[in-house]
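Written out below as structure tokens is the structure these notes cover.
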Amino acid sequence: MKIIRFISQSGEELSGVFNLETPDEARIIEGDIFGDIEVTERVERIETFLPPISPPNIIALGLNYGKHADETGLKNPEIPVMFLKATSSVIGHGAAILLPAAGPAEVDYEAELAVIIGKEAKNVSRNDAGEYVLGYTCANDVSARDWQIRKQKKQWARGKSFDTFCPIGPYLVTKDEVVNANRLRVRSILNGEVMQDSNTSDMVFDVATIISNLSCSMTLLPGTVILTGTPEGVGFTRNPPVFLQDGDIITVSIENIGELTNSVKRE
Ligand code: MG
């Protein structure tokens, strides 16, 4: 099932089931996506996509693709390396990424598979980890490289937490529709040009390992979004570097998960 949150033509904020064959409308669902939901007969037209989830936490992994670690000059980590990204940075499909007034010059894209946790997870084994997944969506771990790398003594969170720096969506794909999350093509496309083209099979740590490992240090609450890291091809490692510019269009495309597209403009 593909679940969206959206604003309807009449201005209501609703949850619905999305169907690729009828992309302008959704069948309304009622209930709790972490418990029982009912798919009703009511159909509404989609005016604006909202983020498919309001996460209590956003956890992101650094250096989880070997070739990306190589391009940054850093080594593959021995255990997952995590940082937190502010929940206030979340936007949905179709919203604009803002180049912040405090640092507009080195804003970069990172295509990532996002895992959405379905129930509280603490000290979960790798074998049981799949039970705690609600589904998946696309994410862009937008990063102001000057703030991430140079201005904060190597603490990444601030450079990755500017407002609008966490586009997710367009919809949550429930796990029953995803045969193997560790074998999905992941791409980013900037103004029609493919910038990243890899596969989650290149991840250093797979989804089950990530959930198990993270849950040994913190409770993963329902709705927690885990960004699983980005493959090679990001802008700041290119020669010359490529950074997002006012007027750009950036898409994160993940096989069987969706295409998340956002415009870019100055704050
Ligand atoms: Mg990232």
Side-chain angles (χ1 to χ4, degrees), residues 51 53 55 57-77 79-91 97 100 103 106-117 136-152 154-169 181-182 184-190 195-207 209-211 213-214 224-238 241-244 250-254 257 260 262 264:
I53 199 94
N57 275 319
I58 303 169
I59 303 173
L61 263 68
L63 309 172
N64 197 34
Y65 284 78
K67 288 179 195 152
H68 174 59
D70 290 346
E71 74 180 354
T72 61
L74 299 169
K75 288 197 183 106
N76 279 9
I79 59 168
V81 172
M82 67 155 274
F83 59 93
L84 293 171
K85 200 167 161 88
T87 56
S88 48
S89 65
V90 172
I91 57 171
I97 296 164
E106 296 185 25
V107 178
D108 205 347
Y109 51 84
E110 293 190 354
E112 307 202 9
L113 174 71
V115 179
I116 299 169
I117 295 294
Y136 302 91
T137 193
C138 305
N140 192 340
D141 180 17
V142 180
S143 307
R145 300 300 186 193
D146 44 0
W147 282 88
Q148 180 199 346
I149 298 168
R150 297 195 304 279
K151 293 187 176 181
Q152 293 284 301
K154 298 184 180 172
Q155 299 291 312
W156 294 348
R158 194 168 183 193
K160 287 171 171 282
S161 291
F162 282 90
D163 292 351
T164 74
F165 272 23
C166 193
I168 55 172
N182 303 305
L184 299 173
R185 189 180 186 191
V186 176
R187 292 184 299 158
S188 63
I189 301 148
L190 177 60
M195 306 301 281
Q196 294 175 283
D197 188 353
S198 183
N199 194 290
T200 55
S201 60
D202 284 341
M203 291 195 297
V204 177
F205 303 105
D206 66 10
V207 170
T209 303
I210 292 167
I211 292 169
N213 181 273
L214 293 176
T224 295
V225 171
I226 302 171
L227 308 191
T228 55
T230 201
E232 72 279 9
V234 298
F236 85 105
T237 62
R238 289 171 175 267
V242 174
F243 293 116
L244 297 176
I250 180 81
T251 296
V252 172
S253 174
I254 304 180
I257 306 296
L260 168 69
N262 298 90
V264 178

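Atoms within each ligand, like the ligands themselves, are counted from 1 in listed order.
Residues F165 and V107 have side chains in contact (heavy-atom distance under 4.5 Å, counting atoms from C-beta outward).
With hydrogens and angles ignored, the 3.5 Å screen pairs no side-chain donor or acceptor of T137 with any backbone N or O of A114.
Within E112, OE2 is the N, O or S atom that lies nearest to the Mg ion (ligand 1). The name of the N, O or S atom in E110 nearest to the Mg ion (ligand 1) is OE1. Between the Mg ion (ligand 1) and the N, O or S atoms of D141, the shortest distance is to OD2.
Atom NZ of K67 has 12 or fewer neighbouring heavy atoms from other residues, nucleotides or ligands inside a 6.0 Å radius.
Judged by distance alone, the side chains of T230 and E110 never bring a donor and an acceptor atom under 3.5 Å apart.
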